[in-house]
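Let me begin by presenting the structure, written as structure tokens, before commenting on it.
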Amino acid sequence: MPRTRSALPATGPVRLGPDSRAALRPAAVGIETGFWQARRASNAHVSIPQGPALLEAAGNLHNLRLAAGTAVGEFQGAYPFVDTDVYKWLEAAAWQLAQAPGEDLAPGEDLAPDGYLASGEDSAPGGGQASGEDMTPNEDQAAGDDLAAEVGRIVDLVAGAQQPDGYLNTWFQLVKGGERYKDLRWGHELYCAGHLIQAAVAHHRATGSGELLDVARKFADHVDSVFGPPGSGKPIDGIDGHPEVETALVELYRETGERRYLDLAAYFVDRYGHGLLGGEAYCQDRVPLREATNVEGHAVRQLYLLAAAADVATETGDAELRTAAERLWHAMTTTKTHLTGGLGAHHEEEDFGDPYELPNERAYCETCAAIASVQWSWRMALLTGEARYSDLIERTLFNGFLAGVSLDGERWLYVNPLQVRDGHTDPGGDQSARRTRWFRCACCPPNVMRLLASLEHYLASSDDNGLQIHQYVSGRYASELAVIRSETDYPWHGTVALTVEETQAEPWTLSLRIPQWCREFRVRCGQETYEGPVADGWLRLERTWSPGDQVVLELSLEPRLTAADPRVDAVRGCVAIERGPLVYCLEGVDHPGGGLDDIVIDTTRPLAVKHRPDLLGGVTTVVAAGSRRHLPDAGWWPYTPADESPDSPQQDGEPVELTAVPYYAWANREDGSMRVWLPTS
């Protein structure tokens, strides 16, 4: 049954304050079918439900019982921040509870993993009920009841572990004898507090319950009583080695109206870069954010801090902080972002690296960094109203983020390289290039869960003059002015059909983001047709609308070859294949008879598109012409005088047809080689 505007999710991770200086505010969106709903159904029916058992097996829940005095034994876990895995799962579960019952699939409707309606005979790769197939409304409601019960049980565990003054961290309570805030660089106490606060805000917004919010406020009040600038009378002038509490405090201010939480967040943001943690870039302490000229250090920490800076600027009108955030976003995208939207060049210290240092097989591109990038860019899109931020969100969601979870919703990637060489020896663990059931540092899986569960929040916005559609999905977009129904098979097809279902009588503006990658587009609105280009990424249609009015957006999805800035040494002489928002890659499993290290693409031959319902749950592939180099016999020395090197190996090599699959779907079959960037000679 179609949802009404009132039934759409009304809030999400960012809810602007009454005095916000943002240009845009999040709009309500309901994702009903298609590509993203299939991924969200996998999240709802597989990933999130398995969370409690995994947290139990890893010891996270055991630690809470120990802290509450209801269990005996030893602390379990390798790190002092394992509590955050629980909090991120709670946030994901809360956003899932906020969805309308039965939303994942309409009764009796069967949805294949690629978003195409299917007969139901094929299961998702790797097994499991990836899309919630064949669930009746009663079964769906029962699943929701089970999830609510699990959330309630774990909320009780968290509340029971909290100390009377509000402090809560099982590592320090159990392992360090109650010692507090003595190791801010590595202890992550405030990082844990931040994720608890975000889970509590989500729980309150989703269910109306104040139980977890009370726990979070007690912890936030405790932090506020302890931390403050010199002269404040508070005992500690300090910051956490892992920024996170700052965005959470801003959201707690938005939820409660308590200005002191916003002030505390602003204090923390401005104290980074003043040597309180030893002055290292790794933990964002080398240079004050307002003075920084490029992103640096641990990628996730930098991005969480910048998301907080955007939040503080949005709520306070701090123009200098806004300018710094804009400057650093531009520097990051122009010099330190992989084609997939992935971020982080170094395995060591999970670091950004230098400008244009964008390796392939050693790219780190942590899944959490992709998530943090989406969170920061969305805040910047709301603050400024500029389309470029949502361009990066789209690229990151479809590629750098989505690769982090398997098609069956059960296995994960912590790092997301752009190449796996023939003969790769996998290190295993958190740095594995093979999908893994869980991690010793399990930050990424529940982080993926919470973003997918709240994904509708990042898709559209509104202002006093209209509705802006940032990302294209099948479902409904709603603001105070109108409700728009959207039908699309995006990203496999470029047509998006929009129908006005409800509207006010006065004129308003429908704004459609034209993606940065799109070479050609056309919009049909009544008898009018619009074609590119657009100056700022937005096509704006202002008129008096009536129910039944239609707008059809047609984005050209011709496959394309992409080259990098010549300063990116790692991919000089290479191209990548893209189609629409999707980055493509080759996998060894599709190219028998040899590996991928000797593959050369022929850029003079056209690219072809082939939809493969039999492959990876149903994907559109790109087919290219190429060859295998004639490689010299292996000797004791792998170098040759330049004048003896073959000039054009692709012309006399063995011809081979190249099959490129979407990058997000790699590593879902057998282990093997993979590459995004393809040599041209």
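Basis for what follows: all heavy atoms, side chains included, without hydrogens, waters or symmetry-related copies.
Within the 3.5 Å criterion, the main-chain N or O of L339 finds a donor-acceptor partner in the side chain of R395.
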Next item on the list: Could you give me the CA-CA distance, side-chain angles and deciding distance for Q471 and W36, then say whether side chain to side chain donor-acceptor pair (under 3.5 Å) is met?
Entry: CA-CA 11 Å; Q471 310 297 338; W36 282 113; over 6 Å; no
Next item on the list: Carefully, step by step, assess H347 and Q431 under the rule side chain to side chain donor-acceptor pair (under 3.5 Å).
Entry: CA-CA 8 Å; H347 281 238; Q431 297 187 358; 3.3 Å; yes
Next item on the list: Apply the test ring pair (Phe, Tyr, Trp, His ring centres under 6.0 Å) to residues H338 and W677: give CA-CA distance (whole Å), side-chain angles for both, the deciding distance (0.1 Å), then the verdict.
Entry: CA-CA 11 Å; H338 287 269; W677 289 98; 9.4 Å; no
Item checked: Verdict with reasoning, R388 to D536, per salt bridge (charged side-chain N to carboxylate O under 4.0 Å, His left out) -> CA-CA 8 Å; R388 59 179 177 149; D536 60 356; over 6 Å; no
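Ring to ring, F401 and Y664 are not that close: their centroids are 6.0 angstrom or more apart.
With P445 as the partner, the side chain to side chain contact (heavy atoms under 4.5 Å, CB included) test is satisfied by one option alone out of F439, W89, Y414: F439.
Sequence neighbours left out, the pairs with a member in residues 311-335 that pass salt bridge (Lys or Arg N to Asp or Glu O under 4.0 Å) are R254-D311, R254-E315, R290-D318, R290-E320, D311-R379, R322-E326.
Of the N and O atoms on the side chains of S474 and E487, not one donor lies less than 3.5 Å from an acceptor on the other residue. In the model, R524 has no side-chain atom that pairs as donor or acceptor with a side-chain atom of Q550 under 3.5 Å.
For R205 and E255, the salt-bridge test passes: some basic side-chain N is under 4.0 Å from an acidic carboxylate O. Remark: R40 engages E456 in a salt bridge, criterion side-chain N to carboxylate O under 4.0 Å. The pair R301-D240 does not count as a salt bridge, with every side-chain nitrogen at least 4.0 angstrom from each carboxylate oxygen. Using a cutoff of 4.0 Å between basic side-chain nitrogens and carboxylate oxygens, E501 and R476 are scored as salt-bridged.
Qualifying salt bridge (Lys or Arg N to Asp or Glu O under 4.0 Å) partners for E361, counting only residues two or more places apart in sequence or in other chains: R421.
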